[in-house]
K.L.:
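I have a structure here, written as structure tokens, and I will follow up with some questions on it.
Basis for what follows: all heavy atoms, side chains included, without hydrogens, waters or symmetry-related copies. These numbers were taken from a predicted model, which means no experiment stands behind them.
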Amino acid sequence: MSQRQLALILIAPGLFLVAALFLYPLGFSLISAFTRPDGSLTLEWFAKAFELYSGDILFTIIIVVTSCVLTGLAAIAIAGTLTLGENRWVVGTLRALYRWPLFIPFIVAAQCMRTFLAKNGLMNNTFVSLGLMEPLSATSFLDWRGIIATFVWKQTPFVALLLAGALASIDRATLEAGRNLGASRPRVLFELALPQVMPTLLVALVLSFVTMLSVLSVPMMVAGSQPTMLTVDMAFRINAYGDYSTANALGVITYLISAGAAILYLKRGLAKEGAP
């Protein structure tokens, strides 16, 4: 048996799984989104999707982009503290705690946030018990704010873990030189360290963007009102009406949004490689 044949045999199971679990559903969704029951081509389902859910499309993009920005800022703060922090107690405590949300499924995170952010939830009850808030002034955060809070809390450890590893691999001499010249730790982080690990940060944020875009449990459990995210709309079209065509059209729109994030990253990477 040649090495080529052996290589094909070794990668065959992986290729089969990709074809069965990704390429086939993707092809089925595309066909269903662009065809009528009689097989003729149409854009009717996309027109229906935009007519009914244009607000939800914009809402989804705003929620995911905002969550990515806040996740990136929180991850930079955590990774910078772990890498440049000088207080051993703070660094050790943060290192022990920040990764916990990685092991919590989104559905459990959503239920935790329902308990924490409700009008009579843990957060408001804590503020009331400390005398920082009157009971009658308590408000629920189970809306778009709760979705963003859940996404940021869940995805920050993932981004921070990748970013901290990249920061740890930087030549410390460069950072120490900046400190010796009088630069503060935030300035060393943002002007010396962060530019060197920007590709890692972008990869982590693109992966987080796609992950948050595909989550159903969080928008459904944390904020059940309108507007909502596209995953909830797709589930509603299927469960309430059996309307797979419109649901698949929304799925294609989601694919395009995900592809847009990936294309932005790839264009930046190619432009950087082609720069003199």
Side-chain angles (χ1 to χ4, degrees), residues 64-113 115-117 121-127 129-130 132 141 145-212 215 218 222 261 265 268-269 272:
V64 176
V65 170
T66 303
S67 299
C68 280
V69 171
L70 296 178
T71 297
L73 294 176
I76 290 171
I78 292 174
T81 302
L82 294 176
T83 306
L84 303 175
E86 297 178 356
N87 188 313
R88 294 185 177 180
W89 186 87
V90 173
V91 173
T93 303
L94 186 60
R95 182 178 289 113
L97 296 178
Y98 86 95
R99 286 173 287 189
W100 286 11
L102 280 173
F103 307 99
I104 299 177
F106 271 104
I107 190 170
V108 178
Q111 181 58 37
C112 291
M113 286 298 174
T115 305
F116 184 74
L117 298 175
L122 179 61
M123 182 181 69
N124 286 334
N125 286 336
T126 301
F127 289 153
S129 64
L130 293 175
L132 301 176
F141 285 83
R145 296 168 294 182
I147 298 177
I148 292 176
T150 306
F151 282 155
V152 172
W153 180 75
K154 184 68 177 69
Q155 287 302 117
T156 294
F158 170 73
V159 180
L161 185 64
L162 296 180
L163 190 60
L167 288 173
S169 65
I170 294 177
D171 184 8
R172 298 289 299 185
T174 305
L175 307 183
E176 293 299 333
R179 292 288 290 155
N180 292 335
L181 291 173
S184 62
R185 283 195 296 272
R187 187 173 181 183
V188 170
L189 174 62
F190 284 98
E191 295 187 11
L192 295 179
L194 198 58
Q196 299 182 59
V197 297
M198 189 59 67
T200 301
L201 177 60
L202 290 178
V203 169
L205 290 179
V206 168
L207 293 176
S208 296
F209 182 93
V210 175
T211 299
M212 291 185 286
V215 173
V218 172
V222 174
Y265 166 73
R268 185 186 183 282
K272 186 174 181 180

K.L.:
Taking only residues two or more places apart in sequence or in another chain, which ones pass side-chain contact (heavy atoms from CB on, under 4.5 Å) with C112?
P.N.:
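Checked C112 against side-chain contact (heavy atoms from CB on, under 4.5 Å); matches are V108.
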K.L.:
Distance-only criterion, 3.5 Å: show the donor-acceptor pairs between side-chain atoms of residues 157-167 and protein atoms not counting sequence neighbours.
P.N.:
none

K.L.:
According to the salt bridge (charged side-chain N to carboxylate O under 4.0 Å, His left out) rule, which pairs have a member within residues 184-204, sequence neighbours left out?
P.N.:
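Every salt bridge (charged side-chain N to carboxylate O under 4.0 Å, His left out) pair that includes a residue of residues 184-204, provided the two are not neighbours, is E86-R185, R187-E191.
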K.L.:
Just wondering, do I78 and L82 contact through their side chains at under 4.5 Å, heavy atoms?
P.N.:
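Heavy-atom side-chain distance check passes, below 4.5 Å.
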K.L.:
Could you list the residues that satisfy side-chain contact (heavy atoms from CB on, under 4.5 Å) with T66, not counting sequence neighbours?
P.N.:
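T66 satisfies side-chain contact (heavy atoms from CB on, under 4.5 Å) with I62, L70, I148 only.
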K.L.:
At what distance, to the nearest 0.5 angstrom, does OG1 of T115 lie from CG of L122?
P.N.:
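Answer for the OG1-CG pair, T115 versus L122, is 8.5 Å.
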K.L.:
Can you list the residues that meet the side chain to side chain donor-acceptor pair (under 3.5 Å) rule with S208, with sequence neighbours excluded?
P.N.:
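Partners of S208 under the side chain to side chain donor-acceptor pair (under 3.5 Å) test: Q155.
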K.L.:
Could you report the tightest heavy-atom contact between L175 and A193, atom names first, then the distance?
P.N.:
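The answer is CD2-CB, 3.9 Å.
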K.L.:
Could you tell me which residues satisfy side-chain contact (heavy atoms from CB on, under 4.5 Å) with V203, sequence neighbours excluded, listed by chain and number?
P.N.:
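Result, side-chain contact (heavy atoms from CB on, under 4.5 Å) vs V203: L207, Y265.
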K.L.:
Might you point out which heavy atoms bring F190 and P195 nearest each other, and give the distance in Å?
P.N.:
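It is O-CD, 3.4 Å.
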K.L.:
From L201 CG over to I76 CD1, what is the distance, rounded to the nearest 0.5 angstrom?
P.N.:
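Output value for this atom pair is 5.0 Å.
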K.L.:
Yes or no on side-chain contact (heavy atoms from CB on, under 4.5 Å) for V218 and F151, after CA distance, side-chain angles and deciding distance?
P.N.:
CA-CA 8 Å; V218 172; F151 282 155; 3.9 Å; yes
K.L.:
With sequence neighbours left out, what residues match Q111 under side chain to side chain donor-acceptor pair (under 3.5 Å)?
P.N.:
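Applying side chain to side chain donor-acceptor pair (under 3.5 Å) to Q111 gives none.
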K.L.:
Enter the distance from T200:OG1 to L194:CG here, rounded to the nearest 0.5 Å.
P.N.:
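T200 atom OG1 to L194 atom CG measures 10.5 Å (nearest 0.5 Å).
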K.L.:
Hey, could you give me the CD1/OG1 distance between I170 and T83, rounded to the nearest 0.5 Å?
P.N.:
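Interatomic distance, I170 CD1 to T83 OG1, rounded to 0.5 Å: 7.5 Å.
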K.L.:
Taking distance alone, no hydrogens or angles, what donor-acceptor pairs closer than 3.5 Å link side-chain atoms of residues 92-107 to residues at least two apart or in another chain?
P.N.:
unit_1	atom_1	unit_2	atom_2	d
T93	OG1	W89	O	2.8
R99	NH2	R95	O	3.1
W100	NE1	A96	O	3.0

K.L.:
Would you compute the distance between atom CZ of F141 and atom CE of M123 and round it to the nearest 0.5 angstrom?
P.N.:
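Those atoms lie 4.5 Å apart.
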K.L.:
For residues V64 and M212, report the shortest heavy-atom separation together with the two atoms involved.
P.N.:
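Smallest heavy-atom distance, with atoms named: O-CE, 4.0 Å.
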